[in-house]
Amino acid sequence: MKRKKLKPEFFRRKNVLQVARDLLGKILVSNQDGLVTAGRIVEVEAYQGVTDKASHAYGGRRTNRTEVMYARGGVAYVYLCYGIHHLFNVVTNEKEIPHAILVRALEPLEGIETMLARTGKKRAGYSLTRGPGNLSKAMGIRRQHSGYSLQLAALYIADDNYRFGKDRLRSSPRIGVDYAGEDAKRPYRFYLQGNPFVSGKNS
DNA sequence: GAGTAGATCCTCT
DNA sequence: GAGGATCTACTCA
């Protein structure tokens, strides 16, 4: 199957919700330490920058950590949560607009042995790449990847022309952002209905 | 199967 | 010095 690396223009579109929806079904490829792992994206969450309380960049907050989100679309934003989990995001939109998309779940396609070794799991169960913490671990994504261009060979997103029925595209409120008040209820989470790798309730 | 506690460390105040 | 875009294991049923 032929894969085409997504161009920067894909990520630089203004509507982060549209980009998030379009990311579903695409393939995330990592090439770390000479080991290739790849998986199809089945769940994402959009974070709408300065107007979104759940975003790190809410209200124009700008720190060392969030600086990457203000870059032009098409780079990775990785950060450590709860001292344990690395969360992988894709920065979108133009420079100075800190929109980002959190990739929450993948369906493993390549390098499953490598994923097992990285996560310390014995069997390739659904939990291998379900949830942002597991996903990053399985793909070998770490904090130092923050700011990486997705045009490099080490980490990129590709389209293999996979298509799915529109009726399988679902949205829901985001997960784990209860602190964000009203913004926590926005339906900015998108996933493929019925895919067993999607985290949380799958209906 | 559902609910809860604990892990663990970087970042910002 | 507090807290977080989470996961796992353990308890109880």
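Protein chains get the first letters and strands the later ones, always in sequence-line order, with residue 1 at the start of each.
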Restricting to nitrogen or oxygen on both sides, can you table the protein-nucleotides 8-11 of chain C pairs closer than 3.5 Å?
{"unit_1": "dT8(C)", "atom_1": "OP1", "unit_2": "K121(A)", "atom_2": "NZ", "d": "2.7"}
{"unit_1": "dT8(C)", "atom_1": "OP1", "unit_2": "N134(A)", "atom_2": "OD1", "d": "3.3"}

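- For dT11(B), one of the phosphate oxygens OP1 or OP2 lies less than 4.0 angstrom from a side-chain nitrogen or oxygen of R143(A).
- Salt-bridge check for R40(A) with E110(A): failed, with every basic side-chain N at 4.0 Å or more from each acidic carboxylate O.
- At whole-Å resolution of the value, OH in Y58(A) and P in dG4(C) are 16 Å apart.
- Protein atom NE2 of H56(A) is 12 Å distant from nucleotide atom P of dT13(B), rounded to whole Å.
- OP1 or OP2 of dT11(B) has not a single side-chain nitrogen or oxygen of R61(A) nearer than 4.0 Å.
- Salt bridge D52(A)/R174(A): present, at least one basic N to carboxylate O contact under 4.0 Å.
- dA2(B) is paired with dT11(C) under the Watson-Crick or G-U wobble criterion, all donor-acceptor distances under 3.5 Å.
- When the shell of 6.0 Å around OH of Y162(A) is examined, it contains more than 12 heavy atoms from other residues, nucleotides or ligands.
- Rounded to an integer number of Å, the gap from CG of L128(A) to C1' of dC7(C) is 14 Å.
- Going from atom NE2 of H99(A) over to atom OG1 of T92(A) covers 6.5 Å, rounded to the nearest 0.5 Å.
- Evaluated for a side chain to side chain contact (heavy atoms under 4.5 Å, CB included) with Y77(A), the options V68(A), L87(A), V90(A) yield exactly one hit, V68(A).
- Of the residues in residues 65-101 of chain A, those with a non-hydrogen atom less than 4.0 angstrom from any atom of DNA chain B are R65(A), L80(A), Y82(A), G83(A), I84(A).
- In summary, the aromatic rings of Y79(A) and H56(A) are positioned with their centroids under 6.0 Å apart.
- A salt bridge links D22(A) to R13(A): at least one charged side-chain nitrogen sits closer than 4.0 Å to a carboxylate oxygen.
- Of the inter-residue distances, the one linking N195(A) atom CG with E107(A) atom CD reads 5.0 Å to the nearest 0.5 angstrom.
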